[in-house]
Amino acid sequence: MSLQYSDPEIYQIIEKEILRQQRNIELIASENYVSKAVLEAQGSVLTNKYAEGYPNKRYYGGCDYADEVENIAIARAKLLFGSNYVNVQPHSGSSANMAAYRVLLRPGDKVLGMALDHGGHLTHGHPFSFSGMDYQFIPYFVNRETELLDYDDLEAQAIVHRPRLIVAGASSYSREIDFRRIKMIADMVDAFFMVDMAHIAGLVAAGLHQNPVPYADIVTSTTHKTLRGPRGGLILCDSKELIMQINRTVFPGIQGGPLMHIIAAKAVCFKEALNDQFKLYQQQVIRNAKTLSNSLQKLGYYIVSGGTENHLFTVNVKKSLGITGKKAEEILDLVGITCNKNTVPFDDEKPLYTSGIRLGTPAITSRGFKENEMKEIARLIDQALKNSTDNAFLKQLRREVYALTDKFPVYEG
Ligand code: PLP
C-alpha cells in the first residue's frame, strides 16, 4: 500500500515539506537538492539488505549486488578525488570524523582544530561532542583584523603544543584553505594531518578548490552538502595501512551494517559529480555566492572577511543593523528565506543568539538561480531586515519570494 494510504499523517507532512522546499529560498550553506536519480537510489529496496563487512568479505549471504554497488561507489569516489583508497560506509560526517580520530589518536591526545566560533565544526572539539570529550582540542583562529585564517598563529600554536594531529576544514569559512601550508606545519612538528572537507567536497571534486588528498593523511567528508548526494559520510586516504585501520574502525569499530541504499545513492552522486555539467554547476555556485555577498555589501552589510571564494559567507548583522543572528534568522523565515544564525569571529553574543547569519548558494544554484536572482535575493533580505515590524510589508515580500521560487521548480514533472 502506498504511503498516502498506509500512513496519511506522515504522507501529509512530507507533502508540506515538499511545498516548503519548493516555495522557500534555501540559503542554508550545508543543504542542497539532490537529483531525482539520487532520491530513487536512496528510496530503493537496498534498504532491506544487511551487508556487514566489506565487498567479498561479508558476514551475511545474498550480498552479490551489495558488493557490486559498494565497489562502484568506491571506484567512482577514487576517480573523483584522485585517492588511492576510500571507505563509503560512514553514516554521516560525524561518524567519518570519529573513525578518523580513532585511527590517528589515543584518548587524551592533543589536536589542533579551527575554533568553532571562527568556522570550525562541532566534531572539531566542542566540549559536548565526543571529539571534545575524548581528545584535548586546542583551537586555532582567524586574524582579528582580516578575519582570514591565521597560518602564522597556527604554526606558532603547533610549535608550542606539539599536537598529535592537526585538523583543517570548516563549516563557515568563506575562503580557500591552503592545505599545502598546513601540511608543512604538521610536518614541522611531526603531527598527523586530517582534512574534513565536508563543506567544500563539491568544489574540490570540480577542481575549484585545492584538493586535500595529496596533503592529508586522512580526508573525511559528508556527501550531502556541495557534493549534492544523499546524507552520509566518506573517508579517503592514500595509504594501504591506514585504510585497513579505517575499515576496521568504521566496521565493526563504530558502526554495524552499512546503509546500502545510501551507498547506492552515493555512487549515483559520484557519477553525477564526474560529469562536466557538475563543474559548470559548481562554478555557478561560487559566482552566485560572490554576487550575493557583493550585493549585500553594496547595501551596507558587513561581510565577514570582506567576501567569499567559495559557496558561503557570513553576514555580521549585529555590526550591520544592531540585531542578533537569531533575530535576523527569524525575520527572514517570515518572508520565506531560510538561513541559519552563526557566530562571527570573536563574537560577544552567546551561540544561541550570535551576531551573524551564514548564507550559502549550493541549493538555490541547483534549482537554476543565477546572478540576477542573487541581486533580487539581496534586495529581499535587506528590505525584510529593515522593515521587520511592518507585517503587511513582510507579507508582500513573502509573495515576492514565492513569485520568484515559482519560476524555478525544484523537481520538474
Ligand atoms: N564536518 C563539517 C565541516 C561539517 O560542516 C559537518 C556538518 O555540518 C559535519 C562534519 C558533520 O556532518 P553530519 O551532520 O553528517 O554528521
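We count ligands from 1, going down the list as the structure has it; atoms in each ligand are counted the same way.
- The salt bridge (charged side-chain N to carboxylate O under 4.0 Å, His left out) check on R379 picks up E376, E400, with sequence neighbours excluded.
- Taking K298 as the reference, nothing meets the side-chain contact (heavy atoms from CB on, under 4.5 Å) condition, with sequence neighbours excluded.
- Separation of the F193 and Y215 ring centroids does not fall under the 6.0 Å cut-off.
- Remark: aromatic rings of Y301 and F313 are distant, center separation not under 6.0 Å.
- Contacts of S172 classified as side-chain contact (heavy atoms from CB on, under 4.5 Å), with partners at least two apart in sequence or in another chain: T314, N342, R358.
- For ligand 1, the 4.0 Å heavy-atom shell takes in S92, G93, S94, N97, H121, A170, S171, D196, A198, H199, T222, H224, K225, ordered by chain and residue number.
- For T361 against L292, the heavy-atom pair with the smallest separation is CG2-CD2, 4.4 Å.
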